[in-house]
Amino acid sequence: MMQIPLIATANQSLSIRLEDRRYEITIQATAGVMAATITRDETLLVQSLRCHPRAMLLPSYKEDDSGNFIFDTENGEYPDYTKFESTHALLYVSHAELETSRE
């Protein structure tokens, strides 16, 4: 797993290359929860998805032989942008790691 660099701000966007794929990730604070929009190679995968702790952000059918994302948070708390640089992190789980965990 690889930690995706997030800063402790309510609304942010970033571009990152993972496993030879380009991802655009937007994280926004909305009504007390965090929401994610993710595109891969200019294809929208999820939009304004409510982020849950320890739950994959992409449905498995949208992985397309690529990885997935998960929020790792302290004590199973919902992701909170004020804790992004301390106890809450967005992780990328590679395709190989996903395959191993599903065996």
Side-chain angles (χ1 to χ4, degrees):
M1 283 188 240
M2 176 184 161
Q3 185 169 341
I4 305 300
L6 296 178
I7 56 174
T9 188
N11 302 310
Q12 57 193 291
S13 294
L14 62 100
S15 295
I16 191 166
R17 183 164 289 283
L18 301 163
E19 297 185 284
D20 293 323
R21 309 298 290 269
R22 180 181 170 85
Y23 290 87
E24 301 284 335
I25 303 169
T26 300
I27 306 291
Q28 297 176 297
T30 58
V33 298
M34 302 308 299
T37 298
I38 301 173
T39 63
R40 181 181 53 232
D41 297 331
E42 299 183 24
T43 299
L44 181 65
L45 301 175
V46 292
Q47 184 171 18
S48 300
L49 174 75
R50 181 178 179 178
C51 300
H52 294 270
R54 301 183 184 129
M56 294 293 173
L57 296 183
L58 302 178
S60 59
Y61 70 91
K62 290 197 174 185
E63 289 171 3
D64 189 32
D65 293 332
S66 294
N68 208 324
F69 299 89
I70 188 169
F71 272 102
D72 183 32
T73 62
E74 185 175 55
N75 300 319
E77 299 170 339
Y78 275 81
D80 178 350
Y81 72 89
T82 64
K83 298 179 181 181
F84 280 168
E85 294 174 292
S86 60
T87 59
H88 292 195
L90 178 61
L91 304 176
Y92 177 76
V93 184
S94 72
H95 176 69
E97 291 167 323
L98 289 171
E99 290 298 308
T100 299
S101 70
R102 291 177 179 152
E103 291 179 350

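Position 1 is the first residue of the sequence; numbering continues from there.
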Residue from Leu90, Leu91, Leu18 passing side chain to side chain contact (heavy atoms under 4.5 Å, CB included) with Met2
Leu18
Kindly indicate whether the side chain of Phe69, heavy atoms from C-beta on, has any atom under 4.5 Å from the side chain of Ile38.
yes
Between Leu14 and Leu58, is there a shared hydrophobic cluster once you connect ILVMFWY residues whose side-chain heavy atoms come closer than 4.5 Å?
yes
Dump the intermediate steps for side chain to side chain donor-acceptor pair (under 3.5 Å) on Glu63 and Ser60, then the final yes or no.
CA-CA 5 Å; Glu63 289 171 3; Ser60 59; 5.4 Å; no
Same apolar cluster: Leu49 and Ile25, side chain cutoff 4.5 Å:
yes
Co-membership, hydrophobic cluster, residues Ile16 and Tyr92, 4.5 Å side-chain:
yes
Under a plain distance cut-off of 3.5 Å, with no hydrogens placed, do Thr9 and Gln12 share a side-chain donor-acceptor pair?
no
Gap separating the OG atom of Ser94 from the CE atom of Met1, nearest 0.5 angstrom:
9.0 Å
Would Met56 end up clustered with Phe71 when hydrophobic side chains under 4.5 Å apart are linked, directly or stepwise?
no
Side chain to side chain contact (heavy atoms under 4.5 Å, CB included) evaluation trace for Arg50 with Tyr78
CA-CA 10 Å; Arg50 181 178 179 178; Tyr78 275 81; 4.1 Å; yes
Under 3.5 Å, side chain of Thr73 to main-chain N/O of Pro53, donor-acceptor pair present?
no
Under 4.0 Å between a Lys/Arg side-chain N and an Asp/Glu carboxylate O for Asp41 and Arg22?
no
CA sep, side-chain torsions, deciding dist, call: Thr26, Thr37, side chain to side chain donor-acceptor pair (under 3.5 Å)
CA-CA 5 Å; Thr26 300; Thr37 298; 5.6 Å; no
Looking at Asp80, is its backbone amide N or carbonyl O close enough to the side chain of His88 to form a donor-acceptor pair, meaning the two atoms are under 3.5 Å apart?
yes
Closest non-hydrogen atom pair between Phe84 and Pro79, with its separation:
CE2-CB, 4.4 Å
Determine, using the 4.5 Å side-chain heavy-atom cutoff (strictly less than), whether Ile4 and Leu57 are members of one ILVMFWY cluster.
yes
Trace of the side chain to side chain donor-acceptor pair (under 3.5 Å) decision for Glu19 with His95:
CA-CA 8 Å; Glu19 297 185 284; His95 176 69; over 6 Å; no
Between Ala10 and Tyr81, which heavy-atom pair has the shortest distance, and what is it?
N-CD1, 3.3 Å
Check against side chain to side chain donor-acceptor pair (under 3.5 Å), Asn11 and Gln28:
CA-CA 4 Å; Asn11 302 310; Gln28 297 176 297; 4.6 Å; no
Quick check: does any side chain N or O of Lys62 sit under 3.5 Å from a backbone N or O of Leu45, one acting as donor and the other as acceptor?
yes
Do any N or O atoms from the side chain of Thr39 and from the backbone of Glu42 form a donor-acceptor pair under 3.5 angstrom?
no
Inspect the contact between Glu24 and Arg40 and indicate whether a charged nitrogen and a carboxylate oxygen are less than 4.0 angstrom apart.
no
To the nearest 0.5 Å, what is the distance between CG (Asp65) and CG (Leu98)?
10.5 Å
Hydrogens and angles aside, do Asp64 and Ser66 bring a side-chain donor and acceptor to less than 3.5 Å of each other?
no
